[in-house]
Amino acid sequence: MPYIPPVPSTTPSATLALVATVHVALLVLLHHQKKLRGGERLFLVPPALLAFSPWLLSNPPGLVGGLAVHVAWYTWLRKQLPGSRTLRLEIPKKKPVPGLEPLDETAAKVPVAPASAGFLEVPVLAVFDENREIRTFRLARPQGFVFVPGQFLMVRLAVEGKSQVRCYSISSSPESRGYLEISVRRQGLVSRTLHATVVPGTLLSIQGAAGHFVYPAGDSRPLVLLAGGVGITPMISMLRHAVANEPTRPVVLLLSARGDAGVPFEDEMRCLSRRHPQTRIVVTLTGEARPGYHSGRIDRRLIETFVADPAHSIFCICGPGPMIEGLRSTLKAMGVPDSQVRFEAFEAAVASASVAGRPDPGVAPPRSVPRDGPTLRLSISERSVPLAPGQTLLEAAETGGAGIPSMCRAGVCGTCKTRLVAGQVDFDGGALDADELKRGFIYPCVAVAKTDCVLEA
């Protein structure tokens with residue numbers, strides 16, 4: 001038989017390789033979508049043979065025909081093979097699990113008012129240190145627990161057989177679905193007990209959330225957070241919320257911390273600053289100078305250096321009372337309207353240290369009562385109590401046996417709100433609205449008498 005040489009292909013090799021690649025892609029796609037097993041893999045034999053067809057039928061009609069056959073085979077198999085196993089990314093619906101709270105989108109609209117629910121025991125999930133003084137306690141988030149960044153919860157703890165209640169700012173953000181965190185500085189009777197005794201698995205009794213010092217939502221103006229010491233705890237909640245919920249809003253955090261204790265949340269703040277270009281975090285240390293940090297307290301120079309337009313920014317301040325008063329005066333001198341400045345004196349834990357009558361180190365003991373001093377009359381209890389200089393009406397009422405409910409003892413939670421029937425007191429109004437003030441309500445825990453007073457208790 002005479003030798004008949006093959007007819008050379010007129011189609012370029014690059015085109016043949018491209019068509020073969022298309023065949024292989026269809027083969028791989030079919031296998032991936034259908035997850036073929038066992039005998040089902042026999043359906044892949046025809047498309048595998050078609051992958052070699054460009055080299056056998058290399059003329060244009062052959063290439064087009066091979067592709068048409070492969071597409072038809074692919075379409076037929078997708079319809080004929082039962083139970084498509086295409087991988088789908090979807091979140092399964094789960095039943096609510098106690099302690100694992102789904103994000104409530106209405107959290108930012110929750111009225112800022114003291115919580116009415118009672119105390120609830122929740123397990124401690126984890127405990128870790130933020131620096132040498134501040135420790136974070138991660139708690140299971142009760143179902144239905146909603147809060148606004150900046151608010152606090154109340155913790156009830158038995159210390160030496162006596163029930164103690166303290167307020168601690170929530171340091172986690174509302175976006176943390178399954179847990180709550182409070183970050184507590186080791187100071188005061190209850191705080192030291194928390195540090196010493198609470199471990200993962202401990203049941204902690206909590207109530208909340210409450211507080212009027214909250215994240216300024218619904219405002220696109222730049223946000224400036226000024227924190228001193230443990231005042232960072234509500235601020236870190238606001239910062240976490242800002243980057244998660246308003247990722248385009250400029251945020252500046254200026255933190256004044258003690259150099260010898262370490263900077264709380266330092267690793268996380270560096271990460272947030274690096275990953276969110278609209279966020280700037282500056283730490284200034286008191287007590288010692290260290291490379292990479294500023295020195296001294298937060299002042300006008302530091303604010304002007306890192307805040308682009310102070311007069312059109314929203315400021316939140318949290319820290320010791322003297323720091324707040326100083327910064328409010330500074331901001332006013334810089335042309336920042338009072339309506340753009342929010343603040344909270346972070347002294348609730350210290351102020352409430354003597355709830356059970358046991359003074360804490362650094363808390364002044366009760367002073368003697370002068371005979372010619374003012375008197376507090378309790379209209380319901382029908383008792384009269386002499387007042388010592390600087391003594392709050394709540395302390396005097398407790399001495400007289402009046403059962404005024406109280407929690408924070410720092411004019412924050414609003415639990416002790418009581419009507420002043422007569423007399424004058426030194427009281428800045430706290431978070432009471434105009435109508436409540438007009439009706440004579442005060443917070444006895446921070447009200448000091450100027451004259452003889454009558455309290456509805």
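Just the heavy atoms: all of them, side chains too, but no hydrogens, waters or symmetry mates, feed the values below.
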Backbone N/O of E395 and side chain of T399: donor-acceptor pair under 3.5 Å: yes
If you count heavy atoms of other groups shown closer than 6.0 angstrom to CD of Q424, is the number above 12? no
Quick one: are C316 and M235 in side-chain contact, heavy atoms under 4.5 Å? yes
Set out, in order, the CA-CA distance, both residues' side-chain angles and the distance that settles side chain to side chain contact (heavy atoms under 4.5 Å, CB included) for Y215 and N245, then state yes or no. CA-CA 11 Å; Y215 182 87; N245 198 56; 5.9 Å; no
Please answer whether the main-chain N or O of I298 pairs with a side-chain N or O of T284 as donor and acceptor at a distance below 3.5 Å. no
With a 4.0 Å cut-off, would you call E181 and R138 a salt bridge? yes
Indicate yes or no: does E436 engage R439 in a salt bridge with an N to O separation below 4.0 Å. no
Closer than 3.5 angstrom, by distance alone: can the side chain of R141 be matched with the main-chain N or O of S176 as a donor-acceptor pair? yes
Are the side chain of R221 and the backbone of I314 linked by a donor-acceptor contact shorter than 3.5 Å? no
Rounding to 0.5 Å, atoms OG (S169) and CD1 (I182) come to a distance of 10.0 Å
Nearest-0.5 Å distance, CD of residue Q151 to CE of residue M238: 9.5 Å
Of R377, K417, R419, the residue whose pairing with E456 passes salt bridge (charged side-chain N to carboxylate O under 4.0 Å, His left out): R419
Residues A209 and F145: closest non-hydrogen pair is N-CZ, 3.9 Å
If we only count heavy atoms from C-beta on, is the T286 to R297 side-chain gap below 4.5 Å? yes
Give a yes or no on whether the backbone of D219 and the side-chain of R249 come within a donor-acceptor separation of less than 3.5 Å. yes
Any side-chain to backbone donor/acceptor pair from S173 onto H241? Under 3.5 Å, distance only. no
Between T392 (side chain) and A447 (backbone), is there a donor-acceptor pair under 3.5 Å? no
